[in-house]
2 protein chains.
Amino acid sequence: MKARVNVDERGRRTASDACLEPCSIERGMRVIGGKWTGSIIYHLKDGPVRFNDLVRMLGGASKKMIDQRLKELEARNMVTRTVISERPIAVNYALTDFGRSALKILDDLRIWSESNNIT
Amino acid sequence: MKARVNVDERGRRTASDACLEPCSIERGMRVIGGKWTGSIIYHLKDGPVRFNDLVRMLGGASKKMIDQRLKELEARNMVTRTVISERPIAVNYALTDFGRSALKILDDLRIWSESNNIT
DNA sequence: TGCAAAGGTAACCAAAAGGTAACTGGTTGT
DNA sequence: ACAACCAGTTACCTTTTGGTTACCTTTGCA
């Protein structure tokens, strides 16, 4: 991310250290920037939440979306899935330490968003 | 964002303060989370940059993408577009104060991304 | 004379994303 | 018996996204 533009004696411009393909900001965004991903992580911040409770909390997102995002987060070890009972089957989703490490960024984003009332 | 789930005496679960439609994190993500948007803002952090220089710096993004993102950012007053010379036409893009206010989040994201080597 | 660079714009296309609704299969409450 | 709740899954369809290529106008350089 130290990309800069060099100008030679003839005024010709070339870039050094260009972001060929996704640089770190892009890559990070692809992890926490998916639709509803940030919101899901944020809603897990106070402890484990069950699948249908997440669905209820995220009124605008479909079960399919939430399911998909939870699987992605699980695959990245940001979230754990735990079956807490058969019988009336119940499943808890919780943040891992790694998942929790993203919370600060998300909270800053929330504050930024609210204080600039982003529409 | 204080969504919680309430359980009544009969075990019925309902959510209060659910995120009906995008909550603040979602809305924020839609502003700085678009493909290449964060990278563009970040590359403007040291001062104005010309269009084709941005294109060169962001090796993986097409002119069309960059053009599109710049227009979105301009519409949100995060970036200004200034023609600095007719003759050999040149255009500078620069962050506004509001645009600059997003830099901290992006830099935190970059650091998070790098220290967890996100792929 | 003819190419290259500047800052775009336009047209076209393929792929991915995301919404809806129905369905599963087991359990419990009335 | 009937409905509802759990945690998903599946199929279908529409929209959005993003890549590619070509093109435009003006100016400068060799």
Side-chain angles (χ1 to χ4, degrees), chain A residues 5-15 19-22 26 29-31 33-40 48-75 79-94, chain B residues 5-15 19-22 26 29-30 33-40 48-74 79-94:
Chain A
V5 171
N6 309 304
V7 186
D8 70 12
E9 337 76 52
R10 267 154 188 65
R12 281 198 256 165
R13 307 167 81 87
T14 47
C19 283
L20 314 147
E21 292 312 300
E26 275 320 294
M29 278 299 182
R30 283 165 207 190
V31 175
K35 202 170 183 182
W36 299 108
T37 305
S39 305
I40 289 175
V49 180
R50 292 168 59 172
F51 180 79
N52 277 340
D53 287 345
L54 271 175
V55 174
R56 273 185 279 266
M57 289 161 112
L58 298 161
S62 65
K63 282 174 133 191
K64 178 182 151 188
M65 261 300 91
I66 294 177
D67 184 61
Q68 206 173 99
R69 295 311 184 205
L70 284 171
K71 286 203 174 108
E72 292 170 11
L73 290 169
E74 210 194 336
V79 153
T80 54
R81 178 182 184 276
T82 317
V83 176
I84 52 171
S85 76
E86 312 284 339
R87 216 73 69 226
I89 184 169
V91 179
N92 260 349
Y93 288 91
Chain B
V5 171
N6 309 304
V7 185
D8 69 13
E9 338 74 50
R10 269 155 186 63
R12 279 193 261 166
R13 306 167 83 87
T14 47
C19 283
L20 313 148
E21 292 313 301
E26 274 321 292
M29 278 298 181
R30 281 165 208 190
K35 203 170 183 183
W36 298 110
T37 305
S39 305
I40 289 175
V49 180
R50 293 168 57 171
F51 180 80
N52 277 340
D53 287 345
L54 270 175
V55 174
R56 273 184 279 266
M57 290 161 110
L58 297 161
S62 64
K63 277 173 136 188
K64 178 182 151 187
M65 262 301 91
I66 294 176
D67 184 61
Q68 206 170 99
R69 294 314 183 202
L70 284 170
K71 288 204 171 107
E72 292 169 10
L73 290 170
E74 210 193 338
V79 153
T80 54
R81 177 181 185 278
T82 317
V83 176
I84 51 172
S85 75
E86 315 283 340
R87 218 78 67 230
I89 184 171
V91 178
N92 260 350
Y93 289 92

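Chain identifiers are assigned alphabetically (A, B, ...) following the order of the sequence lines, protein sequences preceding nucleic acid strands; residue numbering begins at 1 within each chain. This one's a predicted model, so the numbers in the text were calculated from it and none came from an experiment. All values below come from the heavy atoms of this structure, side chains included, with hydrogens, waters and symmetry mates left out.
A straight line from CG of A/Asp53 to C1' of D/dC6 spans 11 Å, rounded to a whole angstrom. Distance, B/Asp67 CG to D/dT20 C1': 15 Å, rounded to whole Å. Across the protein-nucleic acid pair, B/Ile84 atom CD1 and D/dT27 atom P stand 16 Å apart, rounded to whole Å. Computed from coordinates, the A/Ile40 CD1 to C/dG18 C1' distance equals 13 Å when rounded to whole Å. Between the P atom of D/dA4 and the CG atom of A/Asn52 lies a distance of 15 Å, rounded to the nearest Å. Between B/Ile66 atom CD1 and C/dG8 atom P there is a gap of 11 Å when expressed in whole angstrom units.
When each of D/dC6, C/dG7, C/dT9 is scored by its nearest atom to the side-chain atoms of B/Lys71, the top-ranked nucleotide is C/dT9.
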Could you go through nucleotides 23-26 of chain C and list every protein N or O atom that sits under 3.5 Å from one of its N or O atoms, giving the distance for each pair?
none

What nitrogen or oxygen pairs link the protein and nucleotides 14-19 of chain D at under 3.5 Å?
{"from": "D/dG18", "atom 1": "OP2", "to": "B/Arg69", "atom 2": "NH2", "distance (Å)": "2.6"}
{"from": "D/dG19", "atom 1": "OP1", "to": "B/Lys35", "atom 2": "NZ", "distance (Å)": "3.3"}
{"from": "D/dG19", "atom 1": "N7", "to": "B/Lys64", "atom 2": "NZ", "distance (Å)": "3.1"}
{"from": "D/dG19", "atom 1": "O6", "to": "B/Lys64", "atom 2": "NZ", "distance (Å)": "2.2"}

Atom pairs under 3.5 Å, N or O on each side, protein against nucleotides 2-4 of chain C: can you list them with distances?
none

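With sequence neighbours left out, A/Ser39 forms a side chain to side chain contact (heavy atoms under 4.5 Å, CB included) with A/Trp36, A/His43, A/Leu58, B/Cys23, B/Ile25, B/Glu26. Checked against side chain to side chain donor-acceptor pair (under 3.5 Å), B/Arg50 has no partners two or more places apart in sequence or in another chain. In this structure, A/Glu74 has no side chain to side chain donor-acceptor pair (under 3.5 Å) partners at least two apart in sequence or on a different chain. Applying the side chain to side chain contact (heavy atoms under 4.5 Å, CB included) test to B/Thr14 and every residue at least two apart in sequence or in another chain returns B/Asn6. Qualifying salt bridge (Lys or Arg N to Asp or Glu O under 4.0 Å) partners for A/Lys71, counting only residues two or more places apart in sequence or in other chains: A/Asp67. With sequence neighbours left out, A/Pro48 forms a side chain to side chain contact (heavy atoms under 4.5 Å, CB included) with A/Asn92, A/Ala94.
Proximity of A/Arg50 to the phosphate of D/dA7: a side-chain N or O atom is located under 4.0 Å from OP1 or OP2. For C/dG8, one of the phosphate oxygens OP1 or OP2 lies less than 4.0 angstrom from a side-chain nitrogen or oxygen of B/Arg81. Contact check, A/Arg30 against C/dA17: no side-chain N or O comes under 4.0 Å of OP1 or OP2.
Atom OG1 of residue B/Thr37 and atom CD of residue B/Gln68 lie 9.0 Å apart, to the nearest 0.5 angstrom. Here the straight-line distance linking atom CD1 of A/Ile40 with atom CG of A/Leu54 works out to 6.5 Å at 0.5 Å rounding. With rounding to the nearest 0.5 angstrom, the NZ atom of A/Lys35 is 8.0 Å from the CE atom of A/Met65.
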- Message: Test side chain to side chain contact (heavy atoms under 4.5 Å, CB included) on B/Phe51 and B/Leu70; report intermediate values, then the result.
- Response: CA-CA 9 Å; B/Phe51 180 80; B/Leu70 284 170; 3.9 Å; yes
- Query: Under the side chain to side chain contact (heavy atoms under 4.5 Å, CB included) criterion, do A/Val31 and A/Glu72 qualify, and how do the steps go?
  - Reply: CA-CA 9 Å; A/Val31 175; A/Glu72 292 170 11; over 6 Å; no
